[in-house]
Amino acid sequence: QQQVKQSPQSLIVQKGGIPIINCAYENTAFDYFPWYQQFPGKGPALLIAIRPDVSEKKEGRFTISFNKSAKQFSLHIMDSQPGDSATYFCAANQAGTALIFGKGTTLSVSS
Amino acid sequence: DAGVIQSPRHEVTEMGQEVTLRCKPISGHDYLFWYRQTMMRGLELLIYFNNNVPIDDSGMPEDRFSAKMPNASFSTLKIQPSEPRDSAVYFCASSSRGYNEQFFGPGTRLTVL
């Protein structure tokens, strides 16, 4: 019940495409859903986060869509660029508990 | 701010040796986390501190692992004795908002031969 399942494991898109990364959770008490971006040789960096009281959040070219009833949330990257090539991790938790991370999605954006 | 600082960036050691990883959190952050990242297991939380006090060490794999935070600006993760299966990237992260909005350091890549 504590797992966060992330898919796909890897993704290749062309420049300008819209990659979509999906995550599913089971614990209905989760109330914070961040996405982290990690470049090779670097630590993960917080990209965007959402709480379950909204269904969508946008920050620049990055959008989180949240479906509370389905217990799923996804990351969309609009107009993807080669510089977006990285590993993306979803995570979830409830207040005062550890973040549970997905296994990660390696995104490659070809020019 | 310089962000979270970790040292060394790379460590290669032989099985049985003691390894000490170091972390300097972002100034003003009162939460500090140690993670381990491997291909097989992903990101795993090992231990976290709040105001220099260890709060949850349930993720520490075994007694060979220990962590300390003697003051607000320094923490260590020690492995003694090290084993090849400890090879991984170890991250330190800090936060001023509990588990949320964690800022990760660049990591220490540990290789135990």
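Here is the naming used below: chain letters follow the sequence lines, and residue numbers restart at 1 for every chain. The shown structure was predicted, so the numbers you read here are calculated from the model rather than taken from an experiment.
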- prompt: Does any heavy atom of chain A fall under 4.5 Å from the side chain of B/F91, the backbone, both, or neither of them?
  reply: side chain
message: Let's test your reading of the structure: which of A/G104, A/A98, A/G41, A/A95 forms the most heavy-atom pairs below 4.5 Å with chain B?
response: A/A98
message: Counting heavy-atom pairs closer than 4.5 Å to chain B, which one of A/G102, A/P44, A/G43 comes out on top?
response: A/P44
- prompt: When you look at B/L32 and B/C92, which way does the side chain to side chain contact (heavy atoms under 4.5 Å, CB included) test go after all the steps?
  reply: CA-CA 7 Å; B/L32 184 138; B/C92 174; 3.8 Å; yes
message: Suppose we call two aromatic rings close when their centres sit under 6.0 Å apart. Are A/F62 and A/W35 close by that rule?
response: no
Chain B contact via A/K42 - side chain, backbone, both or neither, heavy atoms under 4.5 Å: backbone
- prompt: With a 4.5 angstrom heavy-atom cut-off, which part of B/Y35 approaches chain A: side chain, backbone, both or neither?
  reply: side chain
Between B/H29 and B/S94: side-chain donor-acceptor atoms closer than 3.5 Å: yes
field: Which atoms of A/P34 approach chain B - backbone, side chain, both or neither, heavy atom under 4.5 Å
entry: neither
- line: Among B/E44, B/R41, B/Q6, B/M39, the residue with the most heavy-atom pairs under 4.5 Å to chain A is B/R41
task: Would you sort out whether A/L75 and A/L47 count as a side chain to side chain contact (heavy atoms under 4.5 Å, CB included), showing the intermediate values?
output: CA-CA 10 Å; A/L75 177 70; A/L47 189 61; 4.1 Å; yes
query: Is chain B contacted by the side chain of A/A45, its backbone, both, or neither, given a heavy-atom distance below 4.5 Å?
result: neither
message: Regarding B/E11 and B/R109, does a basic nitrogen lie under 4.0 Å from an acidic carboxylate oxygen?
response: no
Qualifying residue, where the test is side-chain contact (heavy atoms from CB on, under 4.5 Å) with B/L46 and the options are B/D57, B/D56, B/L77: B/L77
